[in-house]
Amino acid sequence: MPTPIGHSLAGYAAAKLTRVRVSRDDRVLFLYAGLLGILPDLLGLVLGVVAHVPVHGFSHSLVALVLVSTLLAGGATRSGFRFWPILLLVAAAYGSHLFADLLRPEPTAGAGEQLLWPLHVGYGLVHNILPHVPDRAGAGGTLAWLRIVGGLGVREILVLGPVAFAAHFIPPRISAR
Ligand SMILES: [Zn+2]
């Protein structure tokens with residue numbers, strides 16, 4: 001998985017591509033889409049602790065994408081938002097995470113995103129575009145790990161920063177309210 005920096009940038013770019021307007025202030029969209037961009041990992045970590053399922057299992061599947069998008073869009077209607085624009089927005093930002101996680105080879109055989117959960121098939125690409133964040137033990141200590149994560153964060157900003165910056169100028173067309 002990329003760092004939260006890469007996932008936030010990808011989430012924002014994907015949300016802008018939907019052309020849904022949630023607020024006149026794009027910082028609001030950046031906040032929500034950024035959080036949605038890291039939500040699969042947060043959900044995966046919580047489910048890992050609570051139910052001992054792999055981080056890249058259910059939370060990184062198309063089933064979760066549909067469920068989370070439907071639940072959040074349904075919840076947003078209670079605050080006066082329209083269902084379909086929010087569904088589109090959430091699906092794009094959440095889906096951007098699943099896509100970004102595919103952009104590197106798997107560090108271990110059999111790992112990878114279980115996009116088709118409950119089938120236990122892991123997916124990942126061969127090209128290392130957004131490299132995997134290693135765990136602390138595998139990196140050889142906290143300092144080495146922080147150095148690696150910092151380097152990956154810079155790489156993600158260089159790869160996804162221009163994409164998010166360009167997406168920023170896409171004018172919204174669909175009102176979420
Ligand atoms: Zn992930």
Side-chain angles (χ1 to χ4, degrees), residues 1-15 17 30-75 86-161 163-164:
M1 56 183 176
T3 72
I5 295 171
H7 281 310
S8 304
L9 290 170
Y12 175 69
L17 280 173
F30 186 82
L31 179 71
Y32 284 124
L35 284 174
L36 287 167
I38 60 174
L39 183 60
D41 280 347
L42 295 178
L43 186 62
L45 290 172
V46 170
L47 289 176
V49 172
V50 175
H52 304 290
V53 294
V55 171
H56 285 149
F58 167 75
S59 63
H60 286 63
S61 70
L62 298 176
V63 175
L65 173 74
V66 172
L67 268 179
V68 169
S69 306
T70 307
L71 282 175
L72 290 183
I86 297 296
L87 182 85
L88 183 66
L89 193 93
V90 175
Y94 197 98
S96 76
H97 183 111
L98 307 188
F99 180 72
D101 270 2
L102 286 175
L103 300 180
R104 44 54 179 160
E106 276 313 311
T108 47
E113 278 193 288
Q114 292 177 14
L115 277 177
L116 300 180
W117 182 94
L119 297 179
H120 289 278
V121 185
Y123 293 96
L125 296 184
V126 178
H127 299 291
N128 214 4
I129 298 168
L130 297 174
H132 198 70
V133 176
D135 56 31
R136 235 166 286 200
T142 303
L143 259 183
W145 182 77
L146 284 173
R147 233 189 344 259
I148 293 171
V149 171
L152 292 177
V154 170
R155 179 177 175 142
E156 289 163 10
I157 289 171
L158 291 174
V159 172
L160 291 169
V163 177

*Please test His132 against Asp101 for side chain to side chain donor-acceptor pair (under 3.5 Å), starting from the C-alpha separation and ending with a verdict.*
CA-CA 8 Å; His132 198 70; Asp101 270 2; over 6 Å; no

_Under the criterion side chain to side chain contact (heavy atoms under 4.5 Å, CB included), I'd like the reasoning laid out for Ser61 against Phe58: C-alpha separation, chi angles, the key distance, then a yes or no._
CA-CA 5 Å; Ser61 70; Phe58 167 75; 4.1 Å; yes

To the closest 0.5 Å, what do you measure between [atom1] ([X]) and [atom2] ([Y])?
X	Y	atom1	atom2	answer
Leu67	Leu72	CG	CG	10.5 Å
Leu35	Phe30	CG	CZ	10.0 Å
Thr142	Arg136	OG1	CZ	5.5 Å

Can you tell me if [X] uses its side chain to pair, donor with acceptor, with the backbone of [Y] under 3.5 Å?
X	Y	result
Arg155	Ile129	yes
Ser59	Val55	yes
Glu156	Thr3	yes
Trp145	Gly140	no
His97	Gly37	yes

*Please check if atom CG in Leu158 has more than 12 non-hydrogen atoms from other residues, nucleotides or ligands closer than 6.0 Å.*
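Correct, the count exceeds 12.
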
Pairwise side-chain contact, [X] with [Y], heavy-atom cut-off 4.5 Å (strictly under):
X	Y	answer
Pro134	Ile148	yes
Leu98	Leu115	yes
Leu65	Val90	no
Leu43	Leu47	yes

*Does the pair Tyr94 and Val66 meet the rule for a side chain to side chain contact (heavy atoms under 4.5 Å, CB included), with working shown?*
CA-CA 10 Å; Tyr94 197 98; Val66 172; over 6 Å; no

Looking at every non-hydrogen atom in both residues, tell me the closest pair between [X] and [Y] and how far apart they are.
X	Y	result
Ala14	Ser96	CB-CB, 3.7 Å
Pro131	Leu152	CB-CD2, 3.7 Å
Ser69	Ala91	OG-CA, 3.4 Å
Ile86	Ala73	CG2-CA, 3.7 Å

*Stepwise side chain to side chain contact (heavy atoms under 4.5 Å, CB included) test for Gln114 and His60*: CA-CA 6 Å; Gln114 292 177 14; His60 286 63; over 6 Å; no

*Decide yes or no on side chain to side chain contact (heavy atoms under 4.5 Å, CB included) for Ile38 and Leu42, but give the supporting numbers first.*
CA-CA 7 Å; Ile38 60 174; Leu42 295 178; 4.2 Å; yes

*Quick one: list whatever passes side-chain contact (heavy atoms from CB on, under 4.5 Å) with Leu160, sequence neighbours left out.*
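Residues passing side-chain contact (heavy atoms from CB on, under 4.5 Å) with Leu160: Leu9, Ala10, Leu130.
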
